[in-house]
Structure formats: C-alpha cells, structure tokens
Amino acid sequence: MITVAQVIVDVAAYPVDRPFDYLVPAEMTQIIETGCRVKVPFGPRNVLGFVVAIKNETDVPIEKIKPVSQVLDIEPVLTGEMLELAKWLKNETICYEIDALQVMLPSALRAKYEKIANLQTEVELLPEPLQEIFRDSQQINVNVFEKNNLLPQLKAAIKNKQVSIANVVKQKGKVKEVRKVRIIEDNQMLADIQANISNRAKKQKQLVEWMQLHAGEIMDPEVIYKELETSAQVLNAVVDLGAADFVQEEVYRDPFTKEIKRTNFLNLTDEQSVALDQIMNSIEEQEPKTFLLQGVTGSGKTEVYLQTIAKVLNDGKEAIVLVPEISLTPQMTERFRSRFGELVAVMHSGLSVGEKYDEWRKIHQGKVKVVVGARSAVFAPFENVGIIILDEEHESTYKQEDSPRYHARDVAIWRSKYHNCPVILGSATPSLESFARAKKNVYTLLTLKERALKQSLPKVQIVDMRDELKKGNRSMFSQSLMESIQIRLDKKEQIVLFLNRRGYSSFVMCRDCGTVLQCENCDISLTYHRKNEKCKCHYCGYEIHVPKTCPQCQSDHIRYFGTGTQKVEEELAKFFPGIRVLRMDVDTTRAKGSHEQLLEAFGNGEADVLLGTQMIAKGLDYPNITLVGVLSADTSLHLPDFRAAEKTFQLLTQVSGRAGRHEKPGEVVVQTYTPEHYAIELSEAQEYDPFYEREMQMRHQAGYPPYYYLALIQVSHEDVLMAADYAGKAVEWLRSQLSFNVSIIGPTASGISRLQNRYRYQCLIKYKVEPDLIPTLLQLIKIYRSDWIKKGINLTVDLDPNMI
DNA sequence: AGCACGCCGACT
DNA sequence: GTCGGCGTGCTC
C-alpha cells in the first residue's frame with residue numbers, strides 16, 4: 001500500500017494554487033500528519049509545503065510523483081479547523097490558499113530560502129577569485145558571490161561543472177533552550193554518592209547533601225550556585241559522579257516585564273448583569289450567537305469580557321480577545337493578566353519574531369487558555385474555543401490590507417460556528433454595518449447606557465473657530481479652551497490635547513512656493529525622518545537627503561513640518577509658562593517601549609498635558625484627566641472616504657470618553673470650523689442612535705454599506721494608458737457579466753494615483769445581492785492571470801474594502 | 001512565482 | 001559556429 005500526501009506548496013501563483021501529490025517514504029508514514037509542514041522537491045527546486053490530506057491512492061502517473069524530502073514538524077502546526085478555514089478564506093477573500101495558510105502561523109514558522117553553491121572539484125582547479133571563497137568551506141551562500149561581484153565567475157564555474165547550485169529551505173524559529181540540572185530521584189543513591197566523596201571535597205559533599213532534599217527536581221544552575229555559594233566546577237564534579245545530569249529545557253522569551261497584581265471580580269451594574277447573563281446562557285447552550293455589546297465609554301465592557309472569560313475557563317475552554325493594535329497598551333493587557341495570570345498570552349506587532357513564536361507555542365501547546373492580541377490573534381490555535389471577543393469592533397485595523405484581505409470579525413464568526421460558541425463585538429460606537437445587523441436581529445444587541453461608577457458623561461462644548469477668528473483670536477486655542485486649561489492647571493488636574501491627524505508623519509515643504517517633497521516613484525509626499533535628516537517614502541522605500549534649497553523655485557526657505565504637535569507645544573508654553581507637556585509623535589515614540597513609558601509618566605502625574613494624535617485616543621484611563629481638548633475636529637471629516645463622518649464621530653466619542661472616568665467630572669472642548677456638520681453636532685450629546693439614523697440616511701442615498709456591499713478592483717501598470725485601458729476592459733467585461741442591479745463605478749484614478757512607479761486605476765462595484773459576483777470575479781481573475789499578467793498588468797480584488 | 005527549455009539575432 | 005536575448009510552458 002502506498003501513502004500519498006497532498007501538499008499545498010509555498011509558491012503563490014495561480015497555476016499551482018492546488019494540492020500536489022507526493023509519495024510518503026515508509027520511514028515518514030508514522031510521523032507525517034495533515035497540518036504538518038514538509039520540504040518537497042518542486043520542479044528544479046525545493047520548497048516548503050503544508051500537508052492538507054493523506055490518502056492511499058493517486059491519479060498522478062507514477063513516473064511524475066516524487067517523494068516528500070523531509071517532515072518539519074513532529075506535531076502538526078495546523079489543525080483540521082485551520083485547513084478548513086484556509087479553504088474558506090481562499091474563497092471568501094479571493095487569495096491563494098498558501099497565503100491563507102501562512103497568515104495563520106507566526107512568521108518564524110514560514111520558510112526562508114537560500115541558494116547554496118556546492119564545490120564539485122578540487123579548490124585548486126577553480127579560478128583565482130573563487131578559490132579564495134571556497135577555501136574555508138565547500139558550501140557557500142550565493143549572496144556571498146554577489147557581494148564580491150563574482151557572479152560571472154560563479155556562472156562560468158557552474159558551466160564547467162565545478163560548482164553546483166542547490167536551493168535549501170531554511171527553517172526559521174529557533175526554540176530557545178537553557179541548560180538545567182536534573183537531580184536524580186533515587187535518594188539512597190545520592191546518600192551513597194555522598195558517602196564516597198572524599199572529605200577533602202567539602203563543597204561537593206555539601207552539595208550532594210543538599211540535593212537529597214531536592215531529589216528528582218529540575219533547577220537552574222544559577223539558583224544552586226547562589227543557594228550554596230558554590231560554582232560550576234563543583235556542580236560539574238557532582239554531575240560526573242552521577243548525582244545529577246544536565247538537561248535542555250525550552251524556555252519562552254517573556255514579553256512581560258512587570259510583576260502583576262492579582263485582581264478579583266468587580267461588582268456589576270444591573271445592565272452589565274443582564275448582558276452577562278445572556279452571554280453566559282449562550283455559552284451554556286453552545287449557541288454560535290454574535291452579540292453586539294454597545295456600551296458608552298466607561299460603562300465597563302471589559303469587566304463583562306473578564307467575567308465571561310472566567311466562565312469559559314471554568315468550563316475547560318479557551319478564550320480569544322482581539323483588540324486594535326494601538327490600544328494594545330500595557331494598561332489593557334494588564335487587566336487580563338491581573339485576572340488570569342500566567343494563563344494569558346499576548347500577541348502584537350511590538351514583539352520580536354522570536355517572542356511571537358513563543359507566545360504562539362504557548363497557545364499551541366495548551367500552556368495558556370486566553371490570548372489577547374491584534375487582528376492575527378483570531379487564528380490562535382486553540383482547539384476548544386469557548387468565546388471570541390472583538391473589542392472596539394468598529395476599528396478599521398481589523399481588516400487586513402493585503403492578501404489575504406480578511407476581516408477579523410468574519411473569521412471570528414466562522415470560528416464561532418465551528419466551535420459552537422458565541423462572539424462578542426464590543427464598542428461604544430459600533431460600525432454601521434454591525435449595528436444594522438443587530439437591528440435586523442442577525443446579531444443580538446446588548447446595551448450599557450450607564451457608566452459603571454454612575455459618573456455622568458463629560459460635558460461636551462463645541463467651539464466654532466470661525467467666531468474666534470472674527471474676534472481676532474488667531475491662535476490654535478479658543479478662548480474657552482484656554483480658560484478650561486487654566487482651571488485644570490490651578491486644580492492640578494490633567495489635560496489631554498488631541499490633534500486630529502492621521503498617524504505621526506511629517507513632511508518637508510517650501511515656504512515660498514508651497515512645494516512639498518514628493519517621491520519619485522509614487523504620487524505621495526515623503527515623510528521626514530529627523531534621526532538621519534532624510535526624507536523617505538513609506539510605500540516604496542525611496543530616500544533622499546533633505547535638500548538645502550527647494551527643487552522647484554531654488555528658495556532656501558525650506559522647512560520641516562511636523563504633525564503640528566511641536567507648534568502646539570510651543571504655543572502652550574507661550575500662553576502657560578511652566579506648563580509640563582508630554583508630546584507623543586514620531587520623534588518621541590520611535591524607540592521600542594517609549595510609547596508605554598510616556599503613558600506611564602503621564603499616569604504618574606509627571607505632566608499636566610498629554611499632547612498627540614489618534615494614537616492617544618484609545619484606552620487611556622487615568623483618574624486625574626478632567627479635560628479633553630480636540631484642536632481641530634474637522635480634519636478627518638474631509639477625507640475622501642464614505643466613512644469619514646462615521647470615523648469622525650467615533651473619534652470624538654472615543655476621545656471624549658477619556659475624561660472624567662473616575663470620581664472627578666470631565667469636560668470636553670471640541671474646536672471646529674464646521675460645527676453644523678451632523679457628525680460634530682451629534683457628538684455633543686454623545687448619543688449613538690441619532691447619529692446612526694442620520695448616517696444611515698446618507699448611506700442609503702449614496703448607495704454605500706450597510707445598504708450595499710462593495711468590492712474594489714484595482715488595476716496598475718507602469719504605463720498610464722495601459723493601466724487606464726485595462727481598467728476599462730475589466731469594467732466592460734464585468735458590466736457584460738453582472739446583472740443590472742449591480743452598479744459599477746469607474747474606472748477612475750486611485751487615491752494615490754502612482755505607487756512604486758505604477759499607475760493605478762480602480763473601479764468600485766456596489767451590489768445588494770449578486771450570487772454570481774464571486775464566480776464572476778474569479779473568472780475575471782482567470783482572464784487576468786492567463787493573459788493580462790504577461791503584459792505587466794497587476795489586478796487586485798478587495799471585497800468589502802476599508803478605504804476607497 | 002521561478003526555472004528550464006527552445007528558438008533567433010550579434011559576436012569572438 | 002556559439003553566446004545569450006527573453007517568449008512558452010510546467011511544476012506532483
């Protein structure tokens with residue numbers, strides 16, 4: 001009988017996006033399992049692959065089939081659930097199956113390939129320069145030749161059959177191990193050994209005597225040295241006598257640095273209890289229900305999560321908690337760690353590759369029961385999931401921007417059906433899509449209207465900056481904000497000032513002609529980096545030194561513009577001498593961990609004002625913050641995005657919620673040039689429903705989600721005309737295939753019309769129901785992959801896109 | 001995707 | 001005659 005493994009190979013391309021059959025050699029049949037990674041020959045090279053099935057027959061002609069060269073995992077790295085999920089993702093997001101599989105694993109388990117040159121003759125027979133390199137070793141990485149400009153010589157040697165090239169799959173992800181001492185269990189034997197030690201070896205005798213108290217234990221040598229004031233020499237001698245031996249033990253790199261204090265359940269409000277009861281009931285009944293937990297800021301959503309998780313753990317199941325990347329602050333993770341201690345793993349982008357791998361292994365090996373992490377943690381390899389929680393459900397970071405373009409919410413719901421467990425989507429300002437589904441009873445709505453400690457929501461005051469201008473106030477602060485700041489300073493309370501800007505980026509502009517330094521390859525301005533006085537493109541990596549004069553008008557009035565935070569800081573210092581400001585932007589948060597340090601310093605009262613962009617809006621929870629100022633509420637309103645109003649409202653509600661979360665009442669001052677806009681007007685009352693109704697009307701009129709679904713097709717090419725032409729062709733073809741109630745808008749130039757020297761066009765598909773959409777798109781992709789791709793066209797499909 | 005194979009023009 | 005350009009097609 002033969003054993004055949006079906007393998008998805010690590011080659012992201014359309015013609016090979018299917019399983020390939022490989023023969024399993026007899027010695028591997030006991031080890032190989034579905035979900036294992038394997039090394040296989042694929043054409044002329046070796047690649048990594050995932051075993052998706054094992055069977056006993058094959059349709060492939062016997063002369064074609066090759067054997068698996070190596071099994072990389074003793075235990076499978078992917079569960080059956082993951083393999084199924086990958087197939088679903090492939091369909092749902094139109095991606096390669098290999099991409100779907102890879103996204104579920106930490107990058108440490110993905111393959112790294114190296115080309116190795118093997119020496120086939122005597123070194124002396126090689127040309128001079130090559131001899132040099134092959135002197136130390138017969139096998140040399142090809143990039144060594146590249147670095148020394150010896151590629152032509154290497155090529156010649158290959159031709160002469162003096163050297164051969166092999167592709168080697170390197171496995172990343174080293175398990176970190178430490179050497180420990182294992183004391184033998186047999187106490188009698190220890191006593192015998194001790195008796196035989198010469199009286200001159202006092203230290204050894206002492207050590208073995210002490211070991212009798214710790215028979216069978218495994219310990220750190222350092223602990224022994226300290227305990228007995230001894231050294232490695234003595235220990236080695238004792239090990240030689242057979243009283244103990246050295247063992248290698250796996251360790252996890254610990255991303256937590258601080259000690260944690262255990263905390264207990266808080267008392268719940270009536271609203272919280274009602275919500276919790278419903279969720280508990282669903283867990284009990286094993287219903288894959290999706291709850292939308294809508295709670296005003298400070299209403300204690302987290303406490304509901306924590307108690308739900310406690311229940312799940314009690315049932316012997318596991319919990320997944322997703323948090324947007326930027327709110328994955330120590331403050332947030334500590335709440336989970338303090339409740340569940342060592343049972344919690346944390347996953348976020350701040351961890352090193354090794355740390356991520358370690359956290360993943362803790363989950364995989366069942367050492368932890370709770371994972372708190374960003375988007376990709378939704379793939380945590382638990383096998384008995386009891387609850388999945390998405391906090392701040394409306395955040396756009398839950399959607400991955402590149403292939404596989406999945407939404408963590410959709411994956412969570414898929415997994416909940418697989419495990420028959422509920423999902424909780426939590427937010428103060430749910431996405432319109434989720435709220436609409438809750439209204440249609442697709443999700444179950446749970447509402448928390450009151451703050452947990454019954455504090456009133458902060459008073460929001462909207463200030464029209466146009467009036468300030470008329471009054472002759474040309475500063476960044478309105479009269480009213482200045483007064484409020486002064487009051488807090490007098491009362492020694494804290495202030496958060498918020499600049500509504502995206503990210504931390506800054507740019508270089510000529511003050512005479514207004515030219516902003518642009519990337520040569522992309523249609524986007526360069527980002528200024530202070531550390532090396534360079535300007536860099538975040539999309540393609542293009543980099544130049546900051547020029548002395550303007551490239552357009554030769555003026556030397558060229559200046560670096562920050563996010564505006566420096567300017568705000570300067571003005572603050574002018575108006576309020578002695579004010580202590582903590583600024584959070586590119587320059588102050590570059591180093592790893594500086595973000596946390598700044599927040600901690602602010603929490604300790606080392607500053608009066610915390611000043612920053614979006615990043616500070618999330619998760620800040622300090623009792624002494626009583627004033628929040630939004631310096632310009634409208635900047636996010638004018639973005640070319642149909643969600644601009646929604647995002648602005650969410651942001652204003654979010655930042656307002658930072659004030660007065662504890663005993664002291666809070667106040668919010670929102671400065672704007674368009675106070676009449678409903679997103680700003682309605683944020684004053686901080687009530688979600690009126691905003692929802694209003695925004696739904698707008699979406700209905702314009703034909704956007706949740707009334708319509710969207711799909712975005714992007715076409716790019718080095719040549720503008722080609723890009724436009726083929727975008728047109730795609731649109732034309734889609735129009736001919738899809739029904740009349742689907743509207744296809746475009747093609748139009750994309751927001752960033754040129755990226756990495758490629759011109760980009762896009763078209764938007766709006767549809768309510770169109771069962772043929774995915775098959776049609778797949779067919780379009782087929783046309784593209786079989787024909788257009790050769791002409792240098794690039795085409796991508798994003799279902800349910802974030803930005804358009 | 002990546003790599004070999006294969007068919008045609010320009011060189012020692 | 002041979003070297004190397006890149007169009008074509010396959011990968012268990």
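Every chain is numbered from 1, with letters handed out A, B, ... down the list of sequences.
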Engineer: Please, which pairs that meet ring-ring contact (aromatic ring centres under 6.0 Å, His included) have at least one residue in residues 21-63 of chain A, sequence neighbours excluded?
Structural biologist: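 Of all non-adjacent pairs touching residues 21-63 of chain A, those that pass ring-ring contact (aromatic ring centres under 6.0 Å, His included) are A:F20-A:F42.
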
Engineer: Who pairs with A:D21 by salt bridge (Lys or Arg N to Asp or Glu O under 4.0 Å), at least two apart in sequence or on another chain?
Structural biologist: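 Residues passing salt bridge (Lys or Arg N to Asp or Glu O under 4.0 Å) with A:D21: A:K55.
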
Engineer: I'd like to know if A:E433 pairs up with A:R643 as an ion pair, taking the criterion as any Lys NZ or Arg NE/NH1/NH2 lying under 4.0 Å from an Asp or Glu carboxylate oxygen.
Structural biologist: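 A salt bridge links A:E433 with A:R643.
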
Engineer: Could you note down all residue pairs passing salt bridge (Lys or Arg N to Asp or Glu O under 4.0 Å) where residues 93-108 of chain A supplies at least one of them, sequence neighbours left out?
Structural biologist: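 Qualifying pairs, neighbours excluded: A:K90-A:E97.
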
Engineer: Kindly list each side-chain donor-acceptor pair under 3.5 angstrom involving residues 729-738 of chain A, sequence neighbours excluded, with atom names and distances?
Structural biologist:
unit_1	atom_1	unit_2	atom_2	d
A:R735	NH2	A:I744	O	2.6
A:S736	OG	A:W733	O	2.6

Engineer: Below 4.0 angstrom, which residues in residues 51-64 of chain A have at least one non-hydrogen atom near DNA chain C?
Structural biologist: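 Within residues 51-64 of chain A, the residues near DNA chain C are A:V60, A:K64.
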
Engineer: A:H407 and A:Q400: side-chain donor and acceptor closer than 3.5 Å?
Structural biologist: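 There is no such pair (donor and acceptor under 3.5 Å, judged by atom type) between the side chains of A:H407 and A:Q400.
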
Engineer: Could you list by number each residue of residues 11-27 of chain A showing a heavy-atom separation from DNA chain C of less than 4.0 Å, or answer none if no residue does?
Structural biologist: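 A:P15, A:V16, A:R18, A:F20, A:D21, A:Y22 - these, ordered by number, are the residues of the stretch whose heavy atoms sit under 4.0 Å from the strand.
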
Engineer: Quick test of your reading of the model: are A:K768 and A:E770 salt-bridged, counting only N-O distances below 4.0 Å?
Structural biologist: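 Judged by the 4.0 Å cut-off on N to carboxylate O distance, A:K768 and A:E770 do not form a salt bridge.
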
Engineer: Considering only heavy atoms of chain A and a distance under 4.0 Å, specify the first and last nucleotide of DNA chain C in 5' to 3' order that meet this criterion.
Structural biologist: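 Contact span on the strand: C:dT11 to C:dC12.
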
Engineer: Just jot down the ring-ring contact (aromatic ring centres under 6.0 Å, His included) partners of A:Y406, sequence neighbours excluded, or say none.
Structural biologist: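 By the ring-ring contact (aromatic ring centres under 6.0 Å, His included) rule, A:Y406 matches A:F379.
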
Engineer: Testing the 3.5 Å rule here: is there a donor-acceptor pair between the side chains of A:T121 and A:Q162?
Structural biologist: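 Not at all, the side chains of A:T121 and A:Q162 share no donor-acceptor pair under 3.5 Å.
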
Engineer: With sequence neighbours excluded, tell me which residues meet salt bridge (Lys or Arg N to Asp or Glu O under 4.0 Å) with A:E92.
Structural biologist: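 Once residues adjacent in sequence are excluded, A:E92 has no partner under the salt bridge (Lys or Arg N to Asp or Glu O under 4.0 Å) criterion.
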
Engineer: Tell me the side chain to side chain donor-acceptor pair (under 3.5 Å) pairs involving residues 774-783 of chain A, sequence neighbours left out?
Structural biologist: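 Output for this query is empty, none listed.
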
Engineer: First and last nucleotide of DNA chain B touching chain A, 5' to 3', heavy-atom cut-off 4.0 Å?
Structural biologist: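 Range of nucleotides touched by chain A: B:dA1 to B:dC3.
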
Engineer: In chain order, what residues pass the salt bridge (Lys or Arg N to Asp or Glu O under 4.0 Å) check against A:R45, with sequence neighbours excluded?
Structural biologist: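 Listed in chain order: nothing, the list is empty.
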
